[in-house]
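Here's the structure, in structure tokens; my notes come after.
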Amino acid sequence: MEPISAVALSLALGAGKEIANTLVKDAYTGLKELIRRRYPKVPVDQLEAAPESKSRRAVVEEDLAAAGAAQDSELFAAAKRLIELVRQHEPAAAAATGVNLRDIEAANLRLSDITASGAGVKVEKARLSGDISISSVRAGLGAPGSQPRND
């Protein structure tokens, strides 16, 4: 996952209404404050208001990129830490899977442009009678500059 995408994803995960763990809340607050200090024009509050919104996450990504945040290793480290804390202490929020299909029956399955913190695509007990086409899956979190993990 690209560093900028990881930052936006971690903000969305940390802003979830179901987050109760103090460590996660503190890491989220720290990340927000870091962004507000270094990149004050990035609309963190808009993403916080609707963390499930892909379009708001995309705006945060675009604004961070325009501000030069892609080279900010401290920002990426804070985002990675938040994602790990969410995975450890808030597993329901960490299950942010791009597509999760179970017990489906269809002639074919076509998916595209999927971004997720966990598994990008998860299909269980599918009965498909035609082709399957999956593309542009960005999943998991790696080190800056690493390739995304395709699960």
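These figures come from a predicted structure and were not determined experimentally.
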Practice task
For residues Tyr39 and Ala67, report the shortest heavy-atom separation together with the two atoms involved.
Solution key: CD2-CB, 3.5 Å
Completion exercise
Correct closest heavy-atom pair for Ser10 and Ala79 would be OG-CB, 3.3 Å
Exercise for the section: For residues Val42 and Leu47, determine if any side-chain heavy atom of one lies less than 4.5 Å from a side-chain heavy atom of the other. Expected result: no
Handout entry: Pairwise side-chain contact, Lys25 with Asn21, heavy-atom cut-off 4.5 Å (strictly under)
Key = no
Exercise for the section: Would you mind reporting whether Leu75 and Ile35 have side-chain heavy atoms less than 4.5 Å apart? Expected result: yes
Handout entry: His89 NE2 to Ile19 CD1 distance, which is reported to the nearest 0.5 Å
Key = 11.0 Å
Problem - Any donor-acceptor pair under 3.5 Å from Arg57 side chain to Ala8 backbone - result: no
Handout entry: Exercise: identify the closest heavy-atom pair between Ala27 and Leu85
Key = CB-CD1, 3.6 Å
Problem - Pairs involving residues 42-51, ordered by first then second residue, that meet salt bridge (Lys or Arg N to Asp or Glu O under 4.0 Å) (sequence neighbours left out) - result: Lys32-Glu48, Arg36-Asp45
Exercise for the section: Using a strict cut-off of less than 4.0 Å between a Lys/Arg side-chain nitrogen and an Asp/Glu carboxylate oxygen, indicate whether Arg81 and Glu84 qualify as a salt bridge. Expected result: no
Practice task
Just jot down the side-chain hydrogen bond (donor to acceptor under 3.5 Å, both in side chains) partners of Ser53, sequence neighbours excluded, or say none.
Solution key: Ser55
Problem - Any residue meeting side-chain contact (heavy atoms from CB on, under 4.5 Å) with Ala70, in chain and number order, not counting sequence neighbours - result: Ile4
Problem - Validation row: Leu13, Leu82 side chains within 4.5 angstrom (heavy atoms) - result: no
Problem - Nearest-0.5 Å distance that lies between atom CD in Gln46 and atom CG in Leu11 - result: 12.5 Å
Exercise for the section: Under the side-chain contact (heavy atoms from CB on, under 4.5 Å) rule, what do Val7 and Leu64 come out as? Steps first, then yes or no, please. Expected result: CA-CA 9 Å; Val7 172; Leu64 284 169; 3.6 Å; yes
Problem - Under the side-chain contact (heavy atoms from CB on, under 4.5 Å) test, residues paired with Glu74 that sit two or more places apart - result: Leu34, Arg38, Asp72
